[in-house]
There are 2 protein chains.
Amino acid sequence: MSDIHQILKSYHLRCTASRSDILELFAQKDMALSEPEIEEEMYGRCDRVTIYRTLATFLDKGILHKVLDDAGAAKYALCADNCQQSTYHSHNHVHFKCYRCEKTTCIEEVSIPAINLPQGYLLEEMNMLLQGVCGACNLPRKR
Amino acid sequence: MSDIHQILKSYHLRCTASRSDILELFAQKDMALSEPEIEEEMYGRCDRVTIYRTLATFLDKGILHKVLDDAGAAKYALCADNCQQSTYHSHNHVHFKCYRCEKTTCIEEVSIPAINLPQGYLLEEMNMLLQGVCGACNLPRKR
DNA sequence: CTGTGTGCAAACACTTTGCAGGTGT
DNA sequence: ACACCTGCAAAGTGTTTGCACACAG
């Protein structure tokens, strides 16, 4: 069977058309996606509600993680393989949102630096969103 | 006149009841607030739409800044005096959201560490959200 | 066959827009 | 007096829930 099928199986999820389509979309696009964006890409192949429920399922299983965004809709991205490695599921990489191409991507190479919180604080999750112009959009123009 | 009045005047804004109420609320609460939260605190003293428009105005003038959040509604917080100091308006402090008291606060003492992005990236804005248990909620219980 | 996933309808929550009337300066 | 602010109504978007049917295992 396909990779996708295997992945779903490994998370003890039934392999349905919607689930493989959505998972494949994330793998292809390699960027953070919101439900409306997914819906557009699916072009009626599955219902909006199914997308929301699938996102919730994937989030729950640790296939996806939420990505912070300052716009209207919640975004999600594939977890890297090493997400599960530490004691608890963590995503200490940085997300970058480009003002030009509008894409939000995970910068796996950059990890979030350590932070010294004031005494008494208990840190459980860290998220960092950088915004600006990405490498691809910032290329010098040829003449 | 009151402080609030002075502040509004300094931003070239008319001093209206809604504006001073909302600005005062932010000053009192000293935490990030969403429109629904503000609406509740205002208890009918002004319309929901006015709150949204006031938030937009304050954001535009640099009185408030957006605070990232993984929940439903957008949150806003007062800009510190030093926001305006650098060449362009920046908020390189960390935000902390407590799982217990649900408050999101600005940790002014901690600034976001420098990040080395891959070549070609142009950084314009940085946001960092930490989540866990805040100092106040994490106090050891007395017996 | 059975439990889980899906689609549809509807409700809910957050946010924006248009317009008429009110208010700060 | 005039520009700007506010309230109301309505519509636009994002998200959740209930229920009947469909389908994977």
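Everything numeric here is computed off the predicted structure, so don't read it as measured data. Protein chains get the first letters and strands the later ones, always in sequence-line order, with residue 1 at the start of each. The figures that follow rest on heavy atoms only: side chains count, while hydrogens, waters and symmetry mates do not.
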Integer-rounded Å distance: [N] [atom2] and [X] [atom1]:
X	N	atom1	atom2	result
A:Glu35	D:dT13	CD	P	13 Å
A:Asp69	C:dC14	CG	P	18 Å
B:Lys66	C:dC14	NZ	C1'	12 Å
A:Asp47	D:dT16	CG	P	14 Å
A:Arg48	C:dA13	CZ	C1'	14 Å
B:Asp70	D:dG14	CG	P	18 Å
B:Tyr76	C:dC14	OH	C1'	10 Å
B:Ile51	C:dT16	CD1	P	13 Å

Decide yes or no on side chain to side chain donor-acceptor pair (under 3.5 Å) for A:Glu35 and A:Tyr76, but give the supporting numbers first.
CA-CA 9 Å; A:Glu35 187 285 329; A:Tyr76 303 84; over 6 Å; no
Which of the following nucleotides, [options], is nearest to the side chain of [X]?
X	options	answer
A:Cys46	D:dC8, C:dG7, D:dT15	C:dG7
A:Pro36	C:dG7, D:dT15, D:dA24	D:dT15
B:Arg53	C:dT4, D:dC8, C:dT15	D:dC8
B:Ala74	D:dG14, C:dT15, D:dG25	C:dT15

Could you tell me whether the phosphate oxygens of [N], OP1 or OP2, come under 4.0 Å of any side-chain nitrogen or oxygen in [X]?
X	N	value
B:Tyr52	C:dT16	no
A:Ser18	C:dT6	yes
B:Arg19	D:dC5	yes
A:Thr16	C:dT6	yes

Got a donor-acceptor contact below 3.5 angstrom from the B:His65 side chain to the B:Ala77 backbone?
yes
Has A:Arg48 got a side-chain atom pairing as donor or acceptor with A:Glu39's backbone, closer than 3.5 angstrom?
no
When every non-hydrogen atom of A:Leu59 is compared with those of A:Leu64, the smallest separation belongs to CD1-O, 3.6 Å
With a sphere of 6.0 Å drawn around CD of B:Glu41, does it hold more than 12 non-hydrogen atoms of other residues, nucleotides or ligands?
yes
A:Thr57 or B:Gly72, whichever maps to the more 5' nucleotide of DNA chain C:
A:Thr57
